[in-house]
Amino acid sequence: MLETMRLPVIGKEKMESKSILADAHGRQIHKLRVQLTDACNFRCFYCMPLTPEFLPSSALLSSGELLEICSALADFGIDEIRISGGEPTLRKDFESIVEGLSRLPLRKIGLTTNGFLLVEKLEFLKQTRCQHINISLDSLRAGRFHEITKTKYFQKVYEAVLQTKAQGFKVKVNTVVMRGVNDDEIMDFVKFSADHAIEVRFLELMKIGCSHQNHSLNFMPAREIIKKIEESETLLPQSVNRDSTSFNFTTPAGAKVGFIASESQAFCSFCSRLRLTATGKLRACIMSEAGVNLRGVPRKEYQGILKTVLK
Ligand code: SAM
Ligand code: SF4
């Protein structure tokens with residue numbers, strides 16, 4: 001079902017990027033996801049163990065190292081950077097990193113966050129080029145949110161979503177849909193999107209990290225989420241760029257929803273993203289542990305390294 005939906009969407013796409021990076025499959029690589037830290041103050045059960053061991057800060061790239069690597073990669077055509085984690089806003093030097101990235105020749109900077117510290121960063125972020133903010137919210141019910149994240153911060157995160165939107169940022173909500181956990185809230189999220197003019201992206205549970213254990217129990221494919229919505233709503237397909245990771249729709253009531261089918265319909269053949277870990281490893285794929293170290297590597301060696309990563 002998803003397959004047939006994708007066809008008209010791709011026909012309209014355009015690749016605006018002028019990246020000089022292409023992998024062995026001819027994919028233009030122009031996006032980079034940067035992990036600022038592996039640490040997090042939440043314990044979403046599918047992502048973090050209850051008592052995780054985080055890396056010592058000496059193992060993490062310093063802000064200077066991180067900016068040097070991003071600057072070098074921008075020279076090779078990276079023009080979109082998304083800051084992620086762990087929880088990126090926990091980094092003490094979060095602001096100098098965002099300021100540094102804002103000085104690079106990038107056309108888009110985004111942040112993916114659990115929202116906990118977001119409100120206090122908004123005044124700062126307004127002065128930067130980081131304007132695309134994705135906030136994770138797996139439930140609209142306080143008790144359930146607390147069970148999923150093992151925190152008591154539903155209200156704080158919910159208000160962060162609304163305030164970030166009200167202050168003019170481009171906001172998306174990321175919701176991992178899990179069978180038997182929050183799949184009864186799919187229509188609540190569709191309504192939330194229409195009521196607040198905030199795009200909601202439904203993520204399939206990926207079989208990585210802590211989600212391995214109950215994956216087959218909790219996994220819900222995007223096509224099933226779509227089917228569920230279509231029982232009471234019309235989904236109107238929207239065009240997206242060829243390398244978009246989501247299938248996007250609107251509803252007549254004004255909701256904007258996207259589906260990220262990383263498991264059931266991996267978008268490998270269109271992926272245009274590299275990943276930089278908090279310790280300085282460059283990876284071509286989230287599903288792969290393989291990567292090449294960039295920490296301390298002189299720029300003249302990047303060409304060879306990029307060839308290895310992209311082969
Ligand atoms: N801490 C930030 C947050 O939660 O937004 C940024 C990092 S978090 C790893 C980025 C996104 O990955 C979140 O939206 C989270 O829900 C999602 N995620 C984590 N583990 C996942 C999994 N096993 N399957 C699908 N999405 C996952
Ligand atoms: Fe933390 Fe984000 Fe993982 Fe939740 S999904 S535990 S907020 S890193």
Side-chain angles (χ1 to χ4, degrees), residues 31-55 60 81-91 94 97-98 110-118 121 130 132-140 144-154 156-158 160-161 164 169 171-179 181-183 185 189 198-222 225 245-246 258-267 273 275-278 283 285-287 289:
K31 296 182 185 177
L32 178 70
R33 179 174 294 254
V34 180
Q35 184 193 35
L36 296 199
T37 174
D38 62 327
C40 188
N41 53 335
F42 285 17
R43 298 286 180 270
C44 304
F45 73 88
Y46 54 82
C47 176
M48 286 271 167
L50 275 177
T51 51
E53 274 184 33
F54 298 126
L55 294 166
L60 306 182
I81 288 187
R82 177 156 292 277
I83 304 160
S84 187
E87 178 45 44
T89 57
L90 292 183
R91 278 270 305 226
F94 172 77
I97 291 172
V98 177
L111 166 69
T112 302
T113 174
N114 62 25
F116 178 76
L117 291 174
L118 188 54
K121 306 277 185 211
C130 179
H132 295 259
I133 303 191
N134 294 356
I135 305 162
S136 301
L137 183 68
D138 293 334
S139 179
L140 293 167
R144 183 176 284 170
F145 179 91
H146 298 153
E147 272 170 38
I148 294 173
T149 60
K150 309 285 183 288
T151 71
K152 296 277 177 214
Y153 302 125
F154 170 76
K156 194 173 165 85
V157 173
Y158 186 79
V161 173
T164 308
F169 292 90
V171 178
K172 289 180 187 165
V173 160
N174 279 352
T175 304
V176 180
V177 181
M178 293 164 282
R179 195 186 303 286
V181 176
N182 61 355
D183 55 328
E185 289 188 64
F189 274 105
I198 292 175
E199 184 172 338
V200 173
R201 302 190 319 165
F202 294 112
L203 278 58
E204 281 183 353
L205 182 66
M206 285 185 280
K207 201 171 183 175
I208 50 173
C210 292
S211 72
H212 259 280
Q213 217 174 5
N214 285 325
H215 188 265
S216 55
L217 215 64
N218 294 149
F219 176 70
M220 190 162 175
I225 307 170
T245 50
S246 64
F259 301 88
I260 304 196
S262 327
E263 288 279 322
S264 68
Q265 194 175 334
F267 20 76
R273 181 170 290 154
R275 290 165 199 276
L276 181 66
T277 70
R283 292 182 178 151
C285 179
I286 192 175
M287 305 306 257
E289 284 294 308

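Note that this is a predicted model, so its numbers are computed, not measured. Atoms within each ligand, like the ligands themselves, are counted from 1 in listed order.
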Should you measure from each heavy atom of Ser84, which atoms of ligand 1 turn up under 4.0 Å away?
6 (C), 7 (C)

Determine whether Asp38 and Leu60 satisfy the following criterion, side chain to side chain contact (heavy atoms under 4.5 Å, CB included), listing intermediate values before the conclusion.
CA-CA 9 Å; Asp38 62 327; Leu60 306 182; 4.2 Å; yes

If you measure every N/O of Asn134 against every N/O of ligand 1, is any gap under 3.5 Å?
no

Which one holds for Thr112 and ligand 1: side chain close, backbone close, both close, or neither close, with close meaning a heavy atom under 4.0 Å?
both

Which of the ligand 1 atoms, numbered from 1, are nearer than 4.0 Å to a heavy atom of Asn114:
2 (C), 3 (C), 5 (O)

Any N or O on Gly86 sitting closer than 3.5 Å to an N or O of ligand 1?
yes

Just jot down the ligand 2 atoms closer than 4.0 angstrom to any heavy atom of Gly86, in number order.
8 (S)

Heavy atom of the protein closest to atom 15 (C) of ligand 1 (residue, atom name, distance):
Tyr46 OH, 4.0 Å

For ligand 1, indicate whether the residue Ile135 contacts it via side chain, backbone, both or neither (heavy-atom separation under 4.0 Å).
neither

Answer yes or no for atom 12 (O) of ligand 1: protein heavy atom present at a distance under 4.0 Å?
no

I want to check something: taking the side chain as every heavy atom from C-beta on, are Asn134 and Thr113 in contact at a cut-off of under 4.5 Å?
no

Show which atoms of ligand 1 fall inside a sub-4.0 Å distance from at least one heavy-atom site of Ser211.
23 (N)

Where ligand 1 meets Glu87 - atom numbers and elements under 4.0 angstrom, heavy-atom basis
1 (N), 2 (C)

I'd like to know if Glu204 contacts ligand 1, where contact means a heavy-atom distance under 4.0 Å to any ligand atom.
yes

With side chain to side chain donor-acceptor pair (under 3.5 Å) as the criterion, how do Arg201 and Asn174 come out once you've worked through the C-alpha distance, each side chain's angles and the decisive distance to 0.1 Å?
CA-CA 5 Å; Arg201 302 190 319 165; Asn174 279 352; 3.2 Å; yes

For atom 20 (N) of ligand 1, is there a protein heavy atom at a distance under 4.0 Å?
yes

Please report the C-alpha distance between Asn41 and Tyr153 in whole Å, then the side-chain angles of each, then the deciding distance to 0.1 Å, and finally whether the side chain to side chain donor-acceptor pair (under 3.5 Å) criterion is met.
CA-CA 11 Å; Asn41 53 335; Tyr153 302 125; over 6 Å; no

May I ask you to identify, for Lys207, whether its side chain, its backbone, both or neither come under 4.0 Å of ligand 1 on a heavy-atom basis?
neither

Does the N or O separation between Met206 and ligand 1 drop below 3.5 Å for any pair?
yes

Criterion side chain to side chain donor-acceptor pair (under 3.5 Å) on Glu87 and Thr37, from CA distance to verdict
CA-CA 7 Å; Glu87 178 45 44; Thr37 174; over 6 Å; no

Closest non-hydrogen protein atom to atom 17 (C) of ligand 1, residue and atom name please, with distance?
Leu203 CD2, 4.1 Å

Check: of Gly85, Ser136, Ala39, min heavy-atom distance to atom 4 (O) of ligand 1 comes from Ser136

One checks atom 4 (Fe) of ligand 2 and counts protein N, O or S atoms under 2.8 Å, reaching 1

Below 4.0 Å from any atom of ligand 1, is there a heavy atom belonging to Gly209?
no

Which of the atoms of ligand 1 are close to Ile208, meaning less than 4.0 Å from one of its heavy atoms?
23 (N)

For Thr113, atoms of ligand 1 separated by under 4.0 Å from a heavy atom:
2 (C), 3 (C), 5 (O)

Report the C-alpha separation of Arg283 and Thr277 in whole Å, then their side-chain angles, then the decisive distance to 0.1 Å, and conclude whether the side chain to side chain donor-acceptor pair (under 3.5 Å) test is met.
CA-CA 8 Å; Arg283 292 182 178 151; Thr277 70; 5.6 Å; no

Out of all atoms in ligand 1, which are within 4.0 Å of some heavy atom of Val176? Include the element for each.
16 (O), 26 (N)

Spacing of Arg179 atom CZ and Met220 atom CE [to the nearest 0.5 Å]:
5.5 Å

Could Lys156 and Phe116 be counted as a cation-pi pair, given that NZ or CZ must be under 6.0 Å from the ring centre and within 45° of the axis?
yes

